[in-house]
Amino acid sequence: MVALNSLVFIAVTLLGLTTAAPPAPDPDRVLDVRQTLLTSPPPTDAAFINTCLTKVNAIRAKYAAPALVWKAAIAQVALTKSNSCKVYHTGIYGENAYWMWFTPATTVPNFTTYTNKAFDAWVSAAEITAYKNGGLLSGRHFTQTVWKASKRIGCAWSTHRCMQNTNQEWFFTCNFDPRGNVKPYYASNVTTTPVARRHEDSGLVREETEYASEDPFVGGWGV
């Protein structure tokens, strides 16, 4: 007489079922899926918005330009531009673009750090010097960033790294409203000398200006 538990075992075997543990996941495959799904902070993220406004308004205060306010609709335009994974300056807004890539491409960026680096690149010494020397095109990122008549801003990173591109870059775009870099209004909208700071113990003094150098991982910004 066949025991009941033996009959159950035979039935399970005939049905092609198994009680063995499933195979362990491939760690390389798991990592690849996670990296593919890695996303940047969305343009609705409060911390991201604060990072952008804190940085850009500190720069604008330094060059005697009023603070900008965040506009969600403009940020959505910036998101569309960044997600295109290319630079095309079209539309009604002023626009600065920045992109970066890493080796390996799956490196996880610190988006707060690189948001600040983007603004630093746009107001670099090279940009300011180019503008002072009459290069409106070469200095256009600086002049748009500090353009006094601009009132609103919206920025966004590409949601994912641009895997269709050779370098798999991350794109960052900021749009400004009203747009800057309009002839013949440069003189009234762009200040190139940093505003002096007031110190309680020494009156008005000029701060020493430091400019960020180009990051070796950055592919370029703006065209």
Side-chain angles (χ1 to χ4, degrees), residues 34-61 63 65-102 105-123 127 140-182 185 189 215 217-223:
R34 288 175 180 171
Q35 292 295 349
T36 300
L37 298 177
L38 175 66
T39 60
S40 63
T44 54
D45 181 80
F48 168 71
I49 294 172
N50 182 66
T51 296
C52 292
L53 288 179
T54 298
K55 184 66 175 182
V56 72
N57 286 332
I59 292 170
R60 288 174 65 85
Y63 292 98
L68 300 174
V69 297
W70 190 264
K71 187 72 173 178
I74 298 177
Q76 287 301 311
V77 173
L79 179 62
T80 299
K81 290 294 189 75
S82 291
N83 278 340
S84 74
C85 293
K86 60 184 178 181
V87 176
Y88 62 104
H89 291 314
T90 60
I92 64 173
Y93 302 120
E95 183 173 288
N96 283 349
Y98 172 98
W99 61 97
M100 63 185 184
W101 66 85
F102 299 90
T106 53
T107 300
V108 180
N110 182 319
F111 288 102
T112 298
T113 295
Y114 281 94
T115 297
N116 284 305
K117 283 180 178 290
F119 283 103
D120 286 336
W122 293 335
V123 297
E127 288 257 350
R140 66 195 180 279
H141 305 103
F142 165 70
T143 52
Q144 174 58 88
T145 302
V146 302
W147 195 265
K148 295 177 183 179
S150 294
K151 306 297 182 186
R152 294 164 288 276
I153 190 174
C155 305
W157 284 98
S158 53
T159 305
H160 306 283
R161 74 178 191 273
C162 297
M163 298 183 68
Q164 68 270 38
N165 292 356
T166 300
N167 292 317
Q168 299 188 31
E169 306 95 338
W170 291 91
F171 272 75
F172 179 67
T173 306
C174 284
N175 289 106
F176 299 79
D177 181 49
R179 69 186 309 156
N181 298 347
V182 180
Y185 302 111
N189 278 282
D215 190 307
F217 289 121
V218 173
W221 42 87
V223 289

In the structure I gave you, are the side-chain heavy atoms of [X] and [Y] within less than 4.5 Å of one another anywhere?
X: Q76; Y: P43; value: yes
X: L38; Y: P109; value: yes
X: F171; Y: S84; value: no
X: Y114; Y: F172; value: no
X: T106; Y: Q168; value: no
X: D120; Y: K55; value: yes
X: W99; Y: C85; value: no
X: Y63; Y: T145; value: no

Nearest 0.5 angstrom please: [X] [atom1] to [Y] [atom2], how far?
X: N181; Y: E95; atom1: CG; atom2: CD; result: 12.0 Å
X: T143; Y: N189; atom1: OG1; atom2: CG; result: 9.5 Å
X: S40; Y: D45; atom1: OG; atom2: CG; result: 9.5 Å
X: M163; Y: E169; atom1: CE; atom2: CD; result: 12.5 Å
X: N57; Y: W70; atom1: CG; atom2: CH2; result: 11.0 Å
X: T51; Y: N116; atom1: OG1; atom2: CG; result: 6.5 Å

Item to complete: Tell me, with the steps shown, if N165 and K86 meet side chain to side chain contact (heavy atoms under 4.5 Å, CB included).
Response: CA-CA 9 Å; N165 292 356; K86 60 184 178 181; 6.0 Å; no
Where do [X] and [Y] come nearest, in terms of heavy atoms and distance?
X: S150; Y: L68; value: O-CD2, 3.2 Å
X: H89; Y: A97; value: CE1-CB, 4.2 Å
X: N96; Y: R140; value: OD1-O, 4.3 Å
X: I153; Y: I74; value: C-CG2, 4.2 Å
X: Q144; Y: G94; value: OE1-CA, 3.2 Å

Discussion item. Quick one, T115 with W157, criterion side chain to side chain contact (heavy atoms under 4.5 Å, CB included). Give me CA distance, side-chain angles, the key distance, then yes/no.
Written reply: CA-CA 9 Å; T115 297; W157 284 98; 2.9 Å; yes
Worksheet item: Is the centre of the W147 ring less than 6.0 Å from the centre of the F176 ring?
Response: no
Counting N and O atoms only, with roles assigned by atom type, does the side chain of [X] sit under 3.5 Å from a partner on the main chain of [Y], one being a donor and the other an acceptor?
X: R161; Y: T107; result: no
X: W170; Y: Y98; result: no
X: S82; Y: A156; result: yes
X: R60; Y: P66; result: yes
X: N110; Y: T112; result: yes

Worksheet item: Are side-chain N/O atoms of W101 and T166 paired as donor and acceptor at under 3.5 Å?
Response: no
Worksheet item: Hey, is C52 close enough to C174 that the SGs sit under 2.5 Å?
Response: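 With an SG-SG separation of 2.5 Å or more, C174 and C52 do not form a disulfide.
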Discussion item. Using a 6.0 Å cut-off, check whether atom NZ of K148 has over 12 heavy atoms from anything other than its own residue.
Written reply: yes
